[in-house]
Amino acid sequence: MKRALTTSLAVTGILVTALIPAGASEAALLARPDYPAARWVAADPHNWGSRGGDAITAIALHTFDPVAPGVPDYESTIRFFANPNEAQTSAHYVIRSSDGDITQMVQNQDRANHVRGHNSNTIGIEHEATSRQEKWYTDIMMRSSAALVRDLCERYLIPRTGSSDPAEQSGGIKGHSQFAGHEGNSDPGAFWYERHAAYLQKVRGGKRDAALPFGGQYQIFQRQRDNSVQQRVWDGSAWRGWVDLGGSFAGEPAAVAFGRQMHVFGIDRATRQLRTRYWDPSGGWSNWAEPGGTPARLRGNPSAVVIGQNIHVFARGEDNHVYEARWSGGAWRWTNLGGTVVGDPAALDFDGQAQVYALGSDQRLYSSVLGGSGWSGWAKSGEPGARLAGTPSVIRFNGQAQAYVQGLNGNVYQAVWTSGSGWTWHNLGGAIFGDPSATVVGSTVRVAALGVDSQLWTDSWSANGWTGWQKVTGGPSGGLTGTPTAMAFGNQLQLTVQGLNGRARQAAWQPGSDWWWADLGGTAAD
């Protein structure tokens, strides 16, 4: 999108009075961002309108190219949309190049005017960049944008697909030039398309399978391309074939062992309600059922943990609150834990105490603890010194609670809670696409993540300290995607991850041996 430069204006706080045009509606001024990590500045009402009931089906990516010899400017771009402009153009979100700061200007439910002929079905994101200079396409801007798009794809079930070819019009995440009727448009430019494949990898950073040991077997649950859940089992000597458990889900499944039973959870694609199915040796698999009636529409991927005779399931609502469904005494009970979170919650059994972790709107880690008088409320888990993204992976180790989470700078951060000392943070480095996954094998912490080369990397902590990131040898040449699932299986480290071709891959390691890989097949959802 091109325009003439306007006067730059510093933008600070939630709402900037100097940017508000006289004709702005009260509703627009009082609106709040749909994406919690963004701040809100209302676009002028002449620059946006109603979607007319049309569904959101795609993301349109832009760079705000000023007329040469001008340079991009985040603040003046916001001012341009916040006041009447001749073309009545706007965007839902604007992202700054230097630090990935995000401003929302049009609510998701409304139509921004950014890609003619497709406005009613798209969400438009402007990036502070120009197709004439590569320096504007910073890694932190791309990561911040990808975290936003990941959130939008989860909310509106937009396929996390696209092409690096400017002339290709397929996929749910496209540059301006990839929309029909806009062929030949330079937006978002060659520098963007050179990074588009890596960008899509970051968007897919939260895709993961559920895995657990049960009955001496290794169980995997994966959402397939038809959005059903399928199960595959290692029985101790060989992999059995995929078993179709049916259903139609919006996100990835969660699974737990509960006594002699296995329980699987997912968020229904149509109703956005929590659904569950269980297996026991006397009757096999039950039918899918809603546990007690979900009190809100949910999104993303649930997390579950078993503590004593209780099952705790956590999921993020479309209102960005965290909800708990608890099985206790033969019935399900729901609790709204509140909060304003970015990404999915993660559950932990800490010495028989339920804990849940999630990122707040300031992109820092928060936790809530279930005690004798109920949930503690959300408390900030220290200061990592960086903004975070995605979903944390949480473990208990040596009497400590530990959380591992990706930073917007591409590093992995470790948060450690010790009684009497509180939280301490450590930057483990790395250069990763998505969320890390952690587990404990024996006396060693194992952390896995996908590197920017689309291959699997691990870091390990023992009494000798961290080994540093090491590439897992023998991985598929076609590359991997999403988030690995790390699990201890006896003295083995088992990692399950998805190939770019949709097939499930297993990487396993045990002391005294090299890594070995298995192609488990399947067709994982995009």
Side-chain angles (χ1 to χ4, degrees), residues 100 137-147 149-150 160 162 164 194-209 211 252 343 384 386-393 395 402-414 426-439 441 444-461 465-487 493-509 514-519 524 526:
Y137 297 78
T138 62
D139 185 61
I140 195 167
M141 179 182 75
M142 303 294 278
R143 287 180 180 275
S144 181
S145 176
V149 171
R150 173 174 160 180
R160 289 171 279 198
S164 297
E194 290 172 1
R195 294 160 172 78
H196 196 53
Y199 177 82
L200 293 175
Q201 278 283 57
K202 297 178 180 72
V203 174
R204 300 184 191 113
K207 288 174 53 61
R208 53 156 174 78
D209 300 329
E252 314 309 319
R387 285 187 295 161
L388 307 172
T391 301
S393 178
I395 61 172
Q402 299 190 5
Y404 296 83
V405 62
Q406 63 164 307
L408 276 182
N409 56 9
N411 294 168
V412 173
Y413 286 82
Q414 176 203 37
H426 309 275
N427 184 352
L428 303 186
I432 66 169
F433 271 132
D435 298 334
S437 181
T439 192
V441 183
T444 303
V445 176
R446 307 279 183 178
V447 184
L450 293 190
V452 293
D453 58 356
S454 298
Q455 296 298 318
L456 195 57
W457 290 73
T458 64
D459 198 355
S460 302
W461 187 95
W466 289 100
T467 61
W469 291 98
Q470 299 176 353
K471 187 175 181 178
V472 175
T473 58
S477 59
L480 303 166
T481 193
T483 292
T485 301
M487 190 190 77
L493 170 62
Q494 295 276 356
L495 300 174
T496 304
V497 66
Q498 296 175 12
L500 283 171
N501 58 4
R503 299 174 70 87
R505 303 279 183 161
Q506 175 209 25
W509 176 90
D514 294 327
W515 285 95
W516 69 92
W517 287 81
D519 183 346
D526 293 324

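Scope of the values below: all heavy atoms of this structure, side chains included, with no hydrogens, waters or symmetry mates. The first residue of the sequence shown is numbered 1, and numbering continues consecutively from there.
- Rounded to the nearest 0.5 angstrom, Asp514 CG and Trp516 CH2 are separated by 10.0 Å.
- Applying the side-chain contact (heavy atoms from CB on, under 4.5 Å) test to Glu194 and every residue at least two apart in sequence or in another chain returns Glu134, Phe191.
- Partners of Thr444 under the side-chain contact (heavy atoms from CB on, under 4.5 Å) rule, at least two apart in sequence or in another chain, are Arg446, Ser460, Ser462.
- Aromatic ring orientation, Trp461 versus Trp466: perpendicular (interplanar angle above 60°, classes split at 30° and 60°).
- Asn427 and Val412 get closest at one heavy-atom pair: OD1-O, 3.6 Å.
- Applying the side-chain contact (heavy atoms from CB on, under 4.5 Å) rule to Ala431 yields the partners Val452; only residues at least two apart in sequence or on another chain are considered.
- Between Ser145 and Tyr199 the shortest heavy-atom distance is OG-OH, 2.7 Å.
- Between Leu456 and Ala448, the shortest heavy-atom contact is CD1-CB, 4.4 Å.
- Every residue meeting the side-chain contact (heavy atoms from CB on, under 4.5 Å) condition with Leu200, not counting sequence neighbours, appears here in chain and number order: Ile173, His196, Arg204.
- For the residue pair Asp453 and Phe433, the shortest heavy atom distance occurs at N-CE1, 4.5 Å.
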Taking distance alone, no hydrogens or angles, what donor-acceptor pairs closer than 3.5 Å link side-chain atoms of residues 137-144 to residues at least two apart or in another chain?
residue	atom	partner	partner atom	Å
Tyr137	OH	Thr130	O	3.4
Tyr137	OH	Pro188	O	2.9
Thr138	OG1	Ser97	O	2.5
Thr138	OG1	Met141	N	3.2
Asp139	OD2	Arg143	NE	2.8
Arg143	NH1	Ile432	O	2.8
Arg143	NH2	Ile432	O	2.9
Ser144	OG	Gly100	O	2.6

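- Between the side chain of Asp519 and the main chain of Arg505, no donor-acceptor pair closer than 3.5 Å is present.
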Evaluate the side chain to side chain contact (heavy atoms under 4.5 Å, CB included) criterion for residues Val472 and Trp509: first the C-alpha distance (whole Å), next the side-chain angles of each, then the deciding distance (0.1 Å), finally the verdict.
CA-CA 10 Å; Val472 175; Trp509 176 90; over 6 Å; no
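- When all heavy atoms are compared, the tightest approach of Ala147 to Ala389 is CB-CB, 4.4 Å.
- Atoms CZ and CZ, from Arg160 and Arg150 in turn, are 8.0 Å apart once rounded to the nearest 0.5 Å.
- The line from CH2 of Trp517 to CD of Gln506 is 9.5 Å long, rounded to the nearest 0.5 Å.
- One finds no salt bridge joining Arg208 and Asp435 here, because no Lys/Arg side-chain nitrogen approaches an Asp/Glu carboxylate oxygen to under 4.0 Å.
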Using the side chain to side chain contact (heavy atoms under 4.5 Å, CB included) rule, take Asp459 and Trp457 through it: C-alpha gap first, then chi angles, then the decisive distance, then the call.
CA-CA 7 Å; Asp459 198 355; Trp457 290 73; over 6 Å; no
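- Here the closest non-hydrogen pair linking Leu493 and Ala486 is CD1-CB, 4.5 Å.
- Here the NZ atom belonging to Lys471 is positioned 12.5 Å from the OG1 atom belonging to Thr458, to the nearest 0.5 angstrom.
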Evaluation steps, side chain to side chain contact (heavy atoms under 4.5 Å, CB included), between Val445 and Gln414
CA-CA 11 Å; Val445 176; Gln414 176 203 37; 5.9 Å; no
Extract all donor-acceptor atom pairs below 3.5 Å that involve side chains of residues 473-484 and protein atoms in other chains or at least two apart in sequence.
residue	atom	partner	partner atom	Å
Thr481	OG1	Gln201	OE1	2.6
Thr483	OG1	Gly205	O	2.2

